[in-house]
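All heavy atoms count here, side chains included; hydrogens, waters and symmetry mates do not. Note that this is a predicted model, so its numbers are computed, not measured. Counting starts at 1 for both ligands and their atoms, in listed order.
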Amino acid sequence: MTKKVAVITGSAGGLGKGIALRLAADGFAIVLHDINKELLSITENELKEKGYDVIAVTGDVRKKADQENLVAQAVAAFGAVDVFINNAGVESVEPLEQITDDKFNFVFDVNVKGVLFGTQAAAAQMKTQATGGKIINACSIAAHESYEMLSLYCASKHAVRSFTHSSAKELAKYNITVNAYCPGVAATAMWDRIDEAFVKYNGWEPKQAWNTFTKDILVGRPQVADDVAKLVSFLASSDSDYITGQTILTDGGMVFR
Ligand SMILES: NC(=O)c1ccc[n+]([C@@H]2O[C@H](COP(=O)([O-])OP(=O)(O)OC[C@H]3O[C@@H](n4cnc5c(N)ncnc54)[C@H](O)[C@@H]3O)[C@@H](O)[C@H]2O)c1
């Protein structure tokens, strides 16, 4: 039987890499993708050394042509795109008054336009496949709750949540489901930068933001990439065939919806 194919944007490191490792172990052929060419190559080699079927495509989710190229490369290598994961995202931490025009555009370009262009490219391919496909978006607790100092990031993730709902409705007739995973606080390079921003703007101690955000998590520990990958593994599997348009929290018990 031919392997199903999963494309994961922003998968050179962080949660995307964790998702790629999990889906590879689940039996998917993996298409890695990132703007960071150097790290992408290291991660590609890591998966190859484990014996997984993998290719890596460098690109920028903000560019429609790059997203189309990503899908074309996936199809050229493995023949289909069964699962497309809009994982790439950027954070933004600053007081509301200090958000600039450029910063606003940058965050919305990556987090929202990136999801739109990824969904368009993936759907165009999936519509041609008898089996349809699954589109899975990176959302966040910040798509369900709004935090001070994170207004721009929260607004962008609320937009992704809305896109998840609308695209599920539009694409259902093509046998394409669209869902999202909403992590809480996971130890990645993103959270290192968030912590640094609270030091810069609030005069907090290093790790104070991390400790503040993680201290009340009900399961008693911060999140790791594998926690997120387990939910994505389910959403990528046939076990989730009856689920679409959902933005599912995986946060150890932080936000209740
Ligand atoms: N870490 C968390 O606690 C957390 C919580 C909730 C949601 N999320 C979301 O999960 C996703 C992954 O987060 P992470 O913590 O792994 O972040 P990260 O910064 O550690 O990794 C993100 C990856 O995306 C890549 N990337 C950034 N801009 C890109 C672009 N324009 N085109 C292609 N690739 C690009 C980066 O190079 C990097 O490899 C993001 O959408 C993020 O908003 C993370």
*Report the part of S11 (side chain from C-beta onward, or backbone N, CA, C, O) that has a heavy atom under 4.0 Å from ligand 1; answer both or neither where that applies.*
neither
_Check: K157 N/O within less than 3.5 Å of ligand 1 N/O_ = yes
*Less than 4.0 Å between a side-chain N and a carboxylate O, is that true for K50 and E46?*
no
*Below 3.5 angstrom, do we get any N/O pair linking D34 and ligand 1?*
yes
*Are K127 and Y174 in a cation-pi setup, meaning NZ or CZ lies under 6.0 angstrom from the ring centre and within 45 degrees of the ring axis?*
yes
_Checking contacts here: is it the side chain or the backbone of I35 that comes within 4.0 Å of ligand 1, counting heavy atoms only? Could be both or neither._
both
*Do any nitrogen or oxygen atoms of L15 lie less than 3.5 angstrom from nitrogen or oxygen atoms of ligand 1?*
yes
*For ligand 1, does E91 get within less than 4.0 Å through its side chain, its backbone, both, or neither, judged by non-hydrogen atoms?*
neither
_Sub-4.0 Å heavy-atom approach of G184 to ligand 1_ = yes
*From atom 7 (C) of ligand 1, work out which of A187, G89, G13, C139 has a heavy atom at the shortest distance.*
C139
*Does a salt bridge link K200 with E94, judged by any charged N lying under 4.0 Å from a carboxylate O?*
no
*Considering only NZ, NE, NH1 and NH2 on the basic side and carboxylate oxygens on the acidic side, decide whether D195 and K207 come within less than 4.0 Å.*
no
*asked:* Between R221 and D227 (salt bridge meaning N to carboxylate O under 4.0 Å), is one present in this structure?
replied: yes
*Mind checking whether N87 contacts ligand 1 via backbone (N, CA, C, O), side chain (CB onward), both or neither, at a 4.0 Å heavy-atom cut-off?*
both
*asked:* Check this for me - ligand 1, G16, N or O atoms closer than 3.5 angstrom, yes or no?
replied: no
*Decide whether the shortest distance between a heavy atom of G59 and an atom of ligand 1 is less than 4.0 Å.*
yes
*For N179 and T247, what are the C-alpha separation, side-chain angles and deciding distance, and is it a side chain to side chain donor-acceptor pair (under 3.5 Å)?*
CA-CA 6 Å; N179 291 294; T247 55; over 6 Å; no
*asked:* What I want to find out is whether D241 reaches K134 closely enough, with some N-O distance under 4.0 Å, to be called a salt bridge.
replied: yes
*Applying a strict 4.0 Å limit to heavy atoms, is R193 in contact with ligand 1?*
yes
*Could you establish whether Q223 and ligand 1 come within less than 4.0 Å of each other, counting only heavy atoms on the residue side?*
no
_Q223 vs V228, test: side chain to side chain contact (heavy atoms under 4.5 Å, CB included). Steps then yes/no._
CA-CA 8 Å; Q223 190 159 37; V228 179; 3.5 Å; yes
*Would you mind checking which non-hydrogen protein atom is closest to atom 43 (O) of ligand 1, with the distance to 0.1 Å?*
Y153 OH, 2.6 Å
_For ligand 1 and N36, I'd like to know whether there is a polar contact (N/O to N/O, distance under 3.5 Å)._
no
*asked:* Below 3.5 Å, N or O to N or O, backbone or side chain included: is there any such pair between A138 and ligand 1?
replied: no
*Indicate, with yes or no, if the rings of W191 and F213 have centres closer together than 6.0 Å.*
yes
*Rounded to the nearest 0.5 Å, how far does CG of L152 lie from NZ of K157?*
11.5 Å
*Are any of the N or O atoms of T188 closer than 3.5 Å to those of ligand 1?*
yes
